[in-house]
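Just so we're on the same page: letters track the sequence lines, and every chain starts at 1.
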Amino acid sequence: MRHERRYWLFKSEPPAFSFEDLKNSPGSTACWDGVRNFQARNYLRDVIKPGDGVLFYNSNTPRPHISGIAVVVNEGYPDKTALDPESAHFDPRCTLQNPVWYMVDIRYCLPLARELTLEELKTHQELSGMVLLQRSRLSIQPVSREEWEMLLHLGGISTDDAESQMETAIREIR
DNA sequence: GCCAACGTTGGC
DNA sequence: GCCAACGTTGGC
């Protein structure tokens, strides 16, 4: 039986990496490395699976917002930047046997017809339970099916369109 | 640039 | 295992 699709919100800081950057990446696929928070690591290593939906969120910017949808293309695997002394994300505790930090790859799917600002999200009672609004600092967050549907609706795209684009994006990878 | 929230570290 | 000190995140 197929894994039941889960939904996530991934944060990125636009100067470092934007949704456009994801679209323009080779194969529209980017390695989501450099996450150094244990709760986020646990999601990346243990919970997030290929086919899961991702909302791309732009943080630490004058107008924080969700810009579009991506899809997870593989299971969590060790984040090699933690082993590289030259990397900004180097962590001297890490070894090949004990990688500590994990990452996944995601692929671009489609932009929202309307970007959804944090300011707007705060105005919807139905979204008040979002991790983004409760524990905003977590960089990899679960999103419920209900929240996902609401967000896509507000963003002006149909969940069916999103799911079929996600299926296509996954198929093209394989 | 400020600062609240909160995760991590390390002494005890 | 507690908790103070410290560092980071990220909205504003």
Inset, instruction - Taking atom types as modelled, find out whether A:Y102 and A:N42 have a side-chain donor-acceptor pair closer than 3.5 angstrom. - result: no
Legend entry - Gap between atoms NE2 and P, on A:H65 and C:dG11 respectively (whole Å): 11 Å
Inset, instruction - Find out if a path of hydrophobic residues (ILVMFWY) with successive side-chain heavy-atom gaps under 4.5 Å connects A:L116 to A:W148. - result: yes
Inset, instruction - At under 4.0 Å between heavy atoms, which parts of nucleotides 5-10 of chain C does protein reach? Answer with one letter per nucleotide, 5' to 3': B base, S sugar-phosphate only, - none. - result: --BBBB
Legend entry - Candidates A:W8, A:F10, A:W101 - the one meeting ring pair (Phe, Tyr, Trp, His ring centres under 6.0 Å) with A:W32: A:F10
Inset, instruction - Examine A:Y108 together with A:F19 and report whether their ring centres are nearer than 6.0 Å. - result: yes
Legend entry - Sidechain N-carboxylate O distance under 4.0 Å for A:E75, A:R45: no
Inset, instruction - Would you classify A:R93 as touching base, sugar-phosphate or nothing, given that sugar-phosphate means primed atoms plus P, OP1 and OP2, and contacts are heavy atoms under 4.0 Å? - result: sugar-phosphate
